[in-house]
Undergrad: 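Have a look at this one.
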Protein chains: 2
Amino acid sequence: MSTKKEDLLHMAEILFYDHGFHSIGLKKIVNESNIAMMTLYNHFASKDELVIEVLKRREERYMEHLAFFATYLKDHGEGSERDSAFVRIASAHARWLTDHSAKGCLFLRAKEEYGAQHDHPVVTLADGHKRLLREFVQASDPARSAEEALRLCLLMEGATALAESEEGPLVAREMIVMAEILFA
Amino acid sequence: MSTKKEDLLHMAEILFYDHGFHSIGLKKIVNESNIAMMTLYNHFASKDELVIEVLKRREERYMEHLAFFATYLKDHGEGSERDSAFVRIASAHARWLTDHSAKGCLFLRAKEEYGAQHDHPVVTLADGHKRLLREFVQASDPARSAEEALRLCLLMEGATALAESEEGPLVAREMIVMAEILFA
DNA sequence: TATAATATAATGATCGTTCTATCTATAAAG
DNA sequence: CTTTATAGATAGAACGATCATTATATTATA
């Protein structure tokens, strides 16, 4: 992929996450990226397509982080007390939260901003991400019920949201504690 | 308060919640309210002030709902098994969730959209709301630790967020189950 | 020589906000 | 009961700014 295109996607993700999708203009994105407007339109057909590619890349990164970190915790489990798959996923999500700034879930925010157009591709993508996440949770421990999988998703969403108004590390720690109680 | 002003606040809240703050223009608000633009500016100095009044009214309504419903559940507790104060608050929040459409927390969304301007009055108001909510939770059962109060807040935030992508009543039910396990 | 990126300007639309001028309703004064 | 005064609401145009998008023409790179 072109360097310019990567720069654009990188800066667009930062600005969208900091300011929201509708608040940020393409002009600011190309200015901050030191890239000409026509170069943006050479790589993306429209702002919507840029938004979609930003979200797709973020989803890929997030799911990879979750899978990698959960696997790592499984192999390098802390001595005698080895966590369940659900607790490991909670820990992996906690790590993501503390590594990233506290502005909530970009997919939920996208759905909220574009949600009025019910069949907008951004909304479809956001819904797909949430479904993928739930299926990932369920598949990590098929012995668990669908209700239990939903509960872990609720914990993860809760931590993401609460970290917007409370201290991130504290929130992450409490989420793991709750996961340990619920999924011992 | 003037009827026109109430109509404006009512319609503005609906449109902001459905489309977001930056996506919706004042023109759409006054059109949908069948009110002249100058009447809006006669009651509100700016769009920001309209946003702030919408949020203030919503906070008042939400906190009243929480207090009323939690008190009601305390007095009319279900026979032998009377819930703890924390579980009652969870139930009250669940009721709010099922009564309102599923577009997340308007205060978090406001903070996300205006969060770049760190000292913007909308951000201050949103932060104040989250602090008020946590203090309300803590005060409902002073015997509980601050960590436990934070956990209930996490459950409530999680249910609000998860209800955006999963079925509301199901999410509300599971949140209450989790609260009962954690705060028996 | 061909491809990619550049700067700049123009498009038409919409944004928040203000101005002007007209209209309507209620309330005080005759 | 009128008349007049006051205030609130109306429609519509205009403001400058910004929006996403496109056109043009030039420069750099490979």
Side-chain angles (χ1 to χ4, degrees), chain A residues 1-56 109-110 112-117 119-123 125, chain B residues 1-56 109-110 112-117 119-123 125:
Chain A
M1 170 153 44
S2 161
T3 298
K4 301 281 178 184
K5 188 171 182 180
E6 284 200 48
D7 291 351
L8 274 172
L9 285 166
H10 179 72
M11 183 58 68
E13 181 169 348
I14 291 174
L15 291 174
F16 285 149
Y17 193 59
D18 277 357
H19 299 82
F21 298 95
H22 285 92
S23 319
I24 223 67
L26 296 180
K27 198 162 196 172
K28 186 155 279 174
I29 292 176
V30 298
N31 282 352
E32 298 284 320
S33 312
N34 284 109
I35 284 172
M37 178 63 80
M38 279 312 297
T39 304
L40 187 153
Y41 275 95
N42 185 28
H43 288 294
F44 306 95
S46 64
K47 183 180 184 181
D48 279 5
E49 277 209 11
L50 174 61
V51 170
I52 285 170
E53 286 218 32
V54 164
L55 289 175
K56 278 184 180 168
R109 291 176 57 187
E112 289 157 355
E113 283 201 41
Y114 292 89
Q117 304 121 287
D119 53 355
H120 194 287
V122 166
V123 178
L125 201 151
Chain B
M1 172 154 41
S2 161
T3 298
K4 301 280 178 184
K5 187 171 181 180
E6 283 201 47
D7 291 352
L8 274 171
L9 286 166
H10 179 72
M11 184 58 67
E13 181 168 347
I14 291 174
L15 291 175
F16 286 149
Y17 194 59
D18 277 357
H19 300 81
F21 298 95
H22 286 92
S23 320
I24 224 65
L26 297 181
K27 199 162 195 172
K28 186 155 281 176
I29 293 176
V30 298
N31 283 351
E32 297 284 319
S33 312
N34 284 108
I35 282 171
M37 179 63 81
M38 279 313 296
T39 304
L40 187 154
Y41 275 94
N42 185 27
H43 288 295
F44 306 96
S46 65
K47 184 182 184 181
D48 278 5
E49 277 210 11
L50 174 61
V51 170
I52 286 171
E53 286 218 32
V54 163
L55 289 175
K56 278 184 180 167
R109 291 176 56 188
E112 289 158 356
E113 284 201 39
Y114 292 89
Q117 305 120 289
D119 53 355
H120 194 287
V122 165
V123 178
L125 200 151

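Just so we're on the same page: letters track the sequence lines, and every chain starts at 1.
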Undergrad: Rounded to whole Å, please give me the gap between NE2 in B/His22 and P in D/dT18.
TA: 14 Å
Undergrad: When the distance from CD of B/Glu49 to C1' of C/dT17 is rounded to whole Å, what number comes out?
TA: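 Result: 14 Å.
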Undergrad: Base, sugar-phosphate or nothing for B/Ile29? Non-hydrogen atoms, less than 4.0 Å.
TA: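 Result for B/Ile29 = nothing.
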Undergrad: Please report the distance, rounded to the nearest Å, between CG in B/Asn42 and P in D/dT10.
TA: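 Value for this atom pair: 10 Å.
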Undergrad: Without decimals, in angstroms, what is the distance between B/Leu40 CG and D/dA11 C1'?
TA: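 So the CG-C1' distance, B/Leu40 to D/dA11, works out to 15 Å.
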Undergrad: If you check every side-chain atom of B/Leu26, which of C/dT17, D/dA20, D/dT22 has the closest atom?
TA: C/dT17
Undergrad: Within this structure, what is the NZ-to-P distance between B/Lys28 and C/dG16, rounded to whole angstrom?
TA: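 So the NZ-P distance, B/Lys28 to C/dG16, works out to 11 Å.
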Undergrad: By nearest atom, which of the nucleotides D/dT21, D/dT24, C/dC15 is closest to the A/Tyr41 side chain?
TA: D/dT21
Undergrad: Quick one: which of A/Ile14, A/Leu8, A/Asp7 gives a side chain to side chain contact (heavy atoms under 4.5 Å, CB included) with A/His10?
TA: A/Ile14
Undergrad: Taking side chain as C-beta onward, heavy atoms only, is A/Gln117 less than 4.5 Å from A/Val123?
TA: no
Undergrad: How long is the line joining CG of A/Asn31 and C1' of C/dT6, in whole Å?
TA: 13 Å
Undergrad: Could you check how far CZ of A/Phe44 sits from P of D/dA20, rounded to whole Å?
TA: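 Atom CZ in A/Phe44 sits about 15 Å away from atom P in D/dA20.
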Undergrad: Go through B/His22 and A/Phe21 one step at a time and tell me if the ring-ring contact (aromatic ring centres under 6.0 Å, His included) criterion holds.
TA: CA-CA 9 Å; B/His22 286 92; A/Phe21 298 95; over 10 Å; no
Undergrad: Start with the C-alpha gap between B/Leu26 and B/Tyr41, add the side-chain angles, then the distance that decides, and say whether side chain to side chain contact (heavy atoms under 4.5 Å, CB included) holds.
TA: CA-CA 10 Å; B/Leu26 297 181; B/Tyr41 275 94; 3.3 Å; yes
Undergrad: So, does B/Lys4 get its side chain near the phosphate of D/dT10, meaning an N or O under 4.0 Å from OP1 or OP2?
TA: yes
Undergrad: How is B/Asp48 classified with respect to the nucleic acid when contacts are heavy atoms under 4.0 Å: base, sugar-phosphate, or nothing?
TA: nothing
Undergrad: Have a look at B/Ile24 and say if it touches a base, only the backbone sugar-phosphate, or nothing, with a 4.0 Å heavy-atom cut-off.
TA: sugar-phosphate
Undergrad: How many Å lie between CE on A/Met37 and P on D/dT18, as a whole number?
TA: 13 Å
Undergrad: If you check every side-chain atom of A/Met38, which of C/dG16, C/dT6, D/dA20 has the closest atom?
TA: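 Nearest to the side chain of A/Met38 among the choices is C/dT6.
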Undergrad: What nucleotide among D/dA9, C/dG16, C/dT6 has an atom nearest to a side-chain atom of B/His43?
TA: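 Out of D/dA9, C/dG16, C/dT6, the nucleotide with an atom closest to B/His43's side chain is D/dA9.
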Undergrad: With a 4.0 Å cutoff (strictly under), does any side-chain N or O of A/Thr39 reach OP1 or OP2 of C/dT6?
TA: yes
Undergrad: So if I take every side-chain heavy atom of A/Lys27 and compare against D/dC19, C/dA5, D/dA9, which nucleotide ends up nearest?
TA: D/dC19
Undergrad: With a 4.5 Å heavy-atom cut-off, do B/Glu53 and B/His43 have their side chains touching?
TA: no
